[in-house]
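Read through the structure below, which is laid out as structure tokens, and then see the notes.
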Amino acid sequence: MTTAHLDHDGRENPPGDWPTTEAEALAVQDELRGRVVTDEAGPPPGEPLVAVGVDVAYDDERDVVAAAAVALDAQTLDVVEEATAVGRVAFPYVPGLLAFREIPTVLAALDRLTVTPGLVVCDGYGLAHPRRFGLAAHLGVLTGLPTIGVAKNPFTFTYAPPGPRRGDTSALLDGDEEVGRALRTQDGVKPVFVSVGHRVSLDHACAHALRLARDFRLPETTRAADSLCRRALSGVGEPGRSTGV
DNA sequence: GCGACAG
DNA sequence: ATCTTGTCGC
């Protein structure tokens, strides 16, 4: 729907009530985390699915953030549609509060897709989070869409190295609680870290991540979104368009 | 008290 | 995230 907060430069502004301080952000997480749905298995891996990757790139000097949403056919990994949005940086980077930095512009990019995402793949964590409400969970609650998080490092969590082959997994632990999984997506390549966001089970989240990472360590959704948001960021201020559409 | 710490 | 040369390999 409409998340229109465009200013005179065609850039997205955060909503007026977007948190400004860490205390406010923590309060929002505290309020929203109860809305995460964890009792749905989510879309079955292997069946037709539009998987959307989202990612952002920053230029803190210019106070600019560019977001991309790229929709792929999960079976062929072909790009179905792409969208971008450019905004102002909504929040500083604080470990545990990443969502407040990325979400406003990501929502704007998602709004510009005409296809309905069957699954959204985030760059970061979902329930693997100090308060069990990372970016993927937050985005899931705000959109209602099934979401998962795929991160490149274990953050503050611990894990035993998974086996050496593609598809091998091990538990990602916060103390003795499994908050996600280390997943080896290519033989002999370091694992990625998968966690549930919203309306997807951990098993399904790992299965989707593995299928999407058919050719490389990272899911194709993440690679496509990363590439697109960087292009969108470098296009800011260049003659042509202002928002990428 | 001092680090570590998704992107 | 971002700053960055060369280099190895398909």
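Order of the sequence lines sets the chain letters (A, B, ...), proteins ahead of strands, with each chain counted from 1.
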Requested in this report: Look at A/Tyr58 and B/dG7 and indicate whether a side-chain polar atom (N or O) is within less than 4.0 Å of OP1 or OP2.
Outcome: no
Query raised in the report: Separation of A/Glu61 atom CD from C/dC3 atom C1', in whole Å?
Result: 11 Å
Query raised in the report: Once you round it to whole Å, what is the distance between P of C/dA1 and CD1 of A/Ile103?
Result: 17 Å
Query raised in the report: With a non-hydrogen cut-off below 4.0 angstrom, is A/Gly96 in contact with a base, only sugar-phosphate, or nothing?
Result: base
Query - A/Asp174 CG to B/dC5 C1', straight-line distance once rounded to whole Å - result: 13 Å
**Report entry** A/Arg131 side-chain N/O to A/Gly96 backbone N/O, donor-acceptor pair under 3.5 Å
**Finding:** yes
Query raised in the report: Looking only at side chains, do A/Ser227 and A/Arg231 share a donor and an acceptor under 3.5 Å apart?
Result: yes
Report summary line: Rounded to whole Å, the CG-C1' distance (A/Leu218 to B/dA6) equals 13 Å
Report task. Dump the intermediate steps for side-chain hydrogen bond (donor to acceptor under 3.5 Å, both in side chains) on A/Gln186 and A/Arg217, then the final yes or no. Result -> CA-CA 6 Å; A/Gln186 299 290 325; A/Arg217 174 184 177 235; over 6 Å; no
Report task. Round to a whole Å and report the spacing from CG of A/Leu233 to C1' of C/dT2. Result -> 10 Å
Report task. Please check the phosphate of B/dA6 (OP1 and OP2 only) for any side-chain N or O of A/Lys152 closer than 4.0 Å. Result -> no
Report task. Round to the nearest Å and state the distance from A/Phe100 atom CZ to C/dA1 atom P. Result -> 21 Å
Query raised in the report: Is any side-chain N or O of A/Arg230 closer than 4.0 Å to OP1 or OP2 of C/dA1?
Result: yes
**Report entry** A/Tyr159 OH - B/dA6 P separation (whole Å)
**Finding:** 13 Å
Query raised in the report: Looking across every strand, which nucleic acid part, if any, lies under 4.0 Å from A/Leu172 by heavy atom: base, sugar-phosphate, or nothing?
Result: nothing
Query raised in the report: Side-chain donor-acceptor pair under 3.5 Å between A/Tyr58 and A/Glu102, yes or no?
Result: yes
Report task. Send over the distance from A/Leu135 CG to B/dG7 C1', rounded to a whole Å. Result -> 9 Å
Report task. Would you mind classifying the nucleic acid contact of A/Asp59 as base, sugar-phosphate or nothing, using non-hydrogen atoms under 4.0 angstrom? Result -> nothing
Query raised in the report: Of the nucleotides B/dC5, B/dA6, C/dT2, which has the atom closest to the A/His129 side chain?
Result: B/dA6
Query raised in the report: Any side-chain N or O of A/Asn153 under 4.0 Å from OP1/OP2 of B/dG7?
Result: yes
Report task. Describe the nucleic acid contact of A/Ala128 in one word from base, sugar-phosphate, nothing, applying a heavy-atom distance below 4.0 Å. Result -> nothing
Report task. Assess whether side-chain hydrogen bond (donor to acceptor under 3.5 Å, both in side chains) is satisfied between A/Glu81 and A/Thr114, documenting all intermediate values. Result -> CA-CA 8 Å; A/Glu81 187 180 12; A/Thr114 64; 3.1 Å; yes
